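Everything on this sheet refers to the single structure shown next.
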Amino acid sequence: MGTERKRKISLFDVMDDPSAAAKNTKISGLADGGINSLINKWNGKPYSQRYYDILEKRRTLPVWLQKEEFLKTLNSNQTLILVGETGSGKTTQIPQFVIDAVDSETSDKRRKWLVGCTQPRRVAAMSVSRRVAEEMDVTIGEEVGYSIRFEDCSSPRTVLKYLTDGMLLREAMADPLLERYKVIILDEAHERTLATDVLFGLLKEVLKNRPDLKLVVMSATLEAEKFQDYFSGAPLMKVPGRLHPVEIFYTQEPERDYLEAAIRTVVQIHMCEPPGDILVFLTGEEEIEDACRKINKEVGNLGDQVGPIKVVPLYSTLPPAMQQKIFDPAPEPVTEGGPPGRKIVVSTNIAETSLTIDGIVYVIDPGFAKQKVYNPRIRVESLLVSPISKASAHQRSGRAGRTRPGKCFRLYTEKSFNNDLQPQTYPEILRSNLANTVLTLKKLGIDDLVHFDFMDPPAPETLMRALEVLNYLGALDDEGNLTKTGEIMSEFPLDPQMAKMLIVSPEFNCSNEILSVSAMLSGPPFTFIFLFLLPLVSIRVRLSSAVSSVGSAYPWLGGVLIPNCFIRPREAQKAADEAKARFGHIDGDHLTLLNVYHAFKQHNEDPNWCYENFINNRAMKSADNVRQQLVRIMSRFNLKMCSTDFNSRDYYINIRKAMLAGYFMQVAHLERTGHYLTVKDNQVVHLHPSNCLDHKPEWVIYNEYVLTSRNFIRTVTDIRGEWLVDVASHYYDLSNFPNCEAKRVIEKLYKKREREKEESKKNRK
DNA sequence: GAGCACTGC
């Protein structure tokens with residue numbers, strides 16, 4: 001042991017590693033020369049005992065065995081690909097290796113350099129940076145920090161910053177060469193989020209212009225060679241993970257009903273397998289709740305011959321208190337020495353990627369997940385239950401081997417796994433509406449999108465659609481160049497339509513109200529579990545997420561997930577509906593949301609008021625947060641905050657007109673047949689039953705097009721046909737309009753306008 | 001009269 005340690009010391013002492021000296025001190029009792037090393041070079045304070053305790057554990061991480069190799073490779077290359085499985089320690093250790101190396105070769109001790117490490121999720125950026133600050137024995141926000149939307153926890157002293165990939169993209173908009181950074185680490189690159197994919201292309205350009213910048217791409221398996229090709233043969237390093245073996249079982253025959261098969265498998269495991277918790281992957285809330293009931297019933301029928309079970313559902317919209325239950329221990333045996341209890345977690349993909357549950361020994365994988373697909377032709381996207389990828393299946397099975405050897409039951413045949421599953425899930429950029437992304441790219445100075453070096457180029461049609469939308473919104477001119485309006489739009493963390501509606505809202509004298517509506521329509525109202533208690537050694541961050549996120553991938557409007565501020569508990573649906581009706585505005589759902597926001601403020605943001613009115617307090621707080629951010633951006637561009645007099649007839653009219661100025665491409669017309677057709681695309685759509693209108697308006701704008709049991713438009717507001725002609729005549733240009741009822745109506749409206757003009761002329765004469 | 005996989009600025 002001693003020799004091994006000494007060997008390690010000799011390997012690392014090039015790096016001026018204080019821990020090496022500390023080891024020396026400990027082992028041989030030599031304080032000599034170790035005195036300076038007992039001082040933390042980052043903050044000049046003596047190391048705490050805890051530092052050494054953690055260091056001991058850190059050194060056992062697989063990645064430490066390759067520290068020297070890593071630094072050598074990094075030293076002689078501008079780009080490096082690092083592949084590491086779960087438990088290798090790459091997310092926490094590699095960035096520390098990097099800052100040590102940069103520090104030792106920088107003569108300028110004023111340290112005007114920074115190392116950035118991106119994460120796809122905020123929680124990861126926060127928790128990992130906290131952990132690393134602890135490991136380095138510094139205060140979070142000082143030498144080590146993080147930066148996420150709404151929270152910049154870093155200082156001028158910061159040398160290592162964890163940030164979300166989207167945040168780095170935002171920084172690039174202001175600092176196109178990312179000049180603050182010496183090294184950028186793109187972590188979880190295999191997830192291929194929209195932001196990471198854009199960063200790939202951007203960094204490839206930046207590296208050409210900045211020979212002093214280095215890039216480390218960290219990923220979990222499989223696609224590494226693809227990354228290598230993309231980054232012109234950058235060296236590849238592999239770090240082993242640390243997972244227990246997981247035995248994989250397939251079914252002999254394809255299962256007809258995966259839900260039934262999953263439940264059957266749960267029961268069998270519970271009856272026949274040794275103790276250990278079960279994780280079942282299903283596709284959605286309803287299915288999960290259904291499965292939980294059935295599992296309870298079936299195991300209940302078995303009586304006392306089996307141990308007690310605790311069945312826990314898990315999906316993102318579950319209230320946090322309920323989510324917390326996944327960490328409860330398995331139930332105790334009913335009688336002493338009786339059959340042991342078992343916890344059964346029935347979860348969506350959230351457990352595949354974002355969340356880790358320790359103690360899982362058995363995984364049941366039916367092989368399906370809900371995935372978003374985008375069809376640029378009809379500009380509609382929908383959630384489809386579809387087969388997962390091999391990478392995803394691999395990640396799911398890995399969930400069984402966190403604490404000890406486990407088993408994974410795949411409810412499909414081995415042949416099907418080999419032949420039918422695609423290796424990776426399509427990256428988000430191929431499944432998304434790219435209006436927002438294109439706007440960002442334009443702002444980043446990338447003019448030629450066709451020749452932009454995407455790792456996976458999106459369909460030309462998707463890019464064309466995006467350019468078209470941006471042109472209609474006035475963000476791009478006819479040559480495709482960013483306009484002044486486009487510049488401002490790109491600064492808003494919103495989809496282009498919404499950004500446009502905000503920018504023009506002062507002209508309609510209602511920017512205060514449009515700000516509130518926008519905030520209510522955006523923001524992250526999602527509930528998630530936040531874990532402060534991190535495992536000492538390995539910090540888990542999402543490994544593979546073949547079935548991973550789809551960002552701004554909504555039809556038409558490209559990217560607003562309605563935060564449902566209305567709570568509707570199963571046991572109090574009627575009361576909840578009545579409460580909602582009290583906020584209802586007959587002209588539409590947007591105005592209803594405005595009512596809710598105003599009421600929330602009038603009641604001083606009181607959580608009790610929220611509870612009594614079936615309003616989601618978290619969603620409201622989030623909306624308020626978003627609103628504040630939007631206000632700051634508005635002020636930055638001298639956009640006036642104003643309101644029409646509430647008692648004026650025009651109060652709501654102005655708001656509706658301003659909304660139309662952004663959302664004129666999302667209009668539906670009520671046909672004489674009694675159903676709605678979307679304008680120009682002529683898709684038959686239905687008002688979503690959640691709407692609060694008391695009538696069927698002839699024209700509506702809608703915020704969301706959802707394809708479920710029918711084609712629904714959700715969050716709709718009544719507008720007038722005349723406004724189409726007034727506010728968006730460039731889009732409602734009749735020479736470029738498919739022949740339909742709506743066209744004929746608009747034609748009449750134009751003629752009416754003409755007549756009015758004539759008359760007013762006459763009257764003036 | 002219906003339902004929401006998961007993220008991000």
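A note on names: the letters A, B, ... follow the listed sequences, proteins ahead of strands, and every chain is numbered from 1. For clarity, every value in this text was computed on a predicted model and none was experimentally measured.
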Taking atom P of B:dA2 as reference, at what distance in whole Å does atom CZ of A:Arg710 sit? 7 Å
Quick note, A:Glu286 side chain, CB onward, closest among B:dT7, B:dC9, B:dG3 is B:dG3
Taking side chain to side chain donor-acceptor pair (under 3.5 Å) as the test, write out the residues that go with A:Thr440, two or more places apart. none
Using modelled atom types only, decide if a donor and an acceptor are shared between the side chain of A:Thr193 and the backbone of A:Thr196 within a distance under 3.5 Å. yes
Taking the minimum atom-to-atom distance to the side chain of A:Met167, which one of B:dA2, B:dC9, B:dG8 wins? B:dC9
Out of B:dA2, B:dC4, B:dG8, minimum distance to the side chain of A:Lys370 belongs to B:dC4
Any A:Thr440 side-chain nitrogen or oxygen under 4.0 Å from OP1 or OP2 of B:dC9: no
Against the side chain of A:Ile350, the closest entry in B:dC9, B:dA2, B:dT7 is B:dT7
If you check the A:Arg170 side chain, which of B:dG1, B:dG3, B:dC9 turns out closest? B:dC9
Please report, rounded to the nearest Å, how far the P atom of B:dC9 is from the CG atom of A:Leu521. 19 Å
Reckon A:Phe492 touches a base, only the sugar-phosphate, or nothing at all at heavy-atom distances under 4.0 Å? nothing
In this structure, how many angstroms lie between the P atom of B:dG8 and the CD atom of A:Gln629, rounded? 14 Å
Are the side chain of A:Ser127 and the backbone N or O of A:Val123 linked by a donor-acceptor pair below 3.5 Å? yes
Set of residues satisfying ring-ring contact (aromatic ring centres under 6.0 Å, His included) with respect to A:Tyr181, sequence neighbours excluded: none
Please report, rounded to the nearest Å, how far the C1' atom of B:dC9 is from the CG atom of A:Asp165. 10 Å
Heavy-atom nearest nucleotide on DNA chain B taken for A:Phe712 and for A:Gly166; more 5' hit belongs to A:Phe712
Does B:dC9 have OP1 or OP2 under 4.0 Å away from a side-chain N or O of A:Thr164? yes
Among the candidates B:dC9, B:dA5, B:dG3, find the nucleotide nearest to the side-chain atoms of A:His688. B:dG3
Whole Å only: how far is the OH atom of A:Tyr702 from the P atom of B:dA2? 20 Å
Looking at B:dA2, B:dC9, B:dC6, which one has an atom nearest to any side-chain atom of A:Pro689? B:dA2
At under 4.0 Å between heavy atoms, what does A:Ile148 touch on the DNA or RNA strands: base, sugar-phosphate, or nothing? sugar-phosphate
Establish, with yes or no, whether the OP1 or OP2 oxygen of B:dC9 is under 4.0 angstrom from a side-chain nitrogen or oxygen of A:Arg122. yes
With side chain to side chain donor-acceptor pair (under 3.5 Å) as the test, pick out the partner of A:Asp365 among A:Arg399, A:Gln395, A:Arg396. A:Arg396
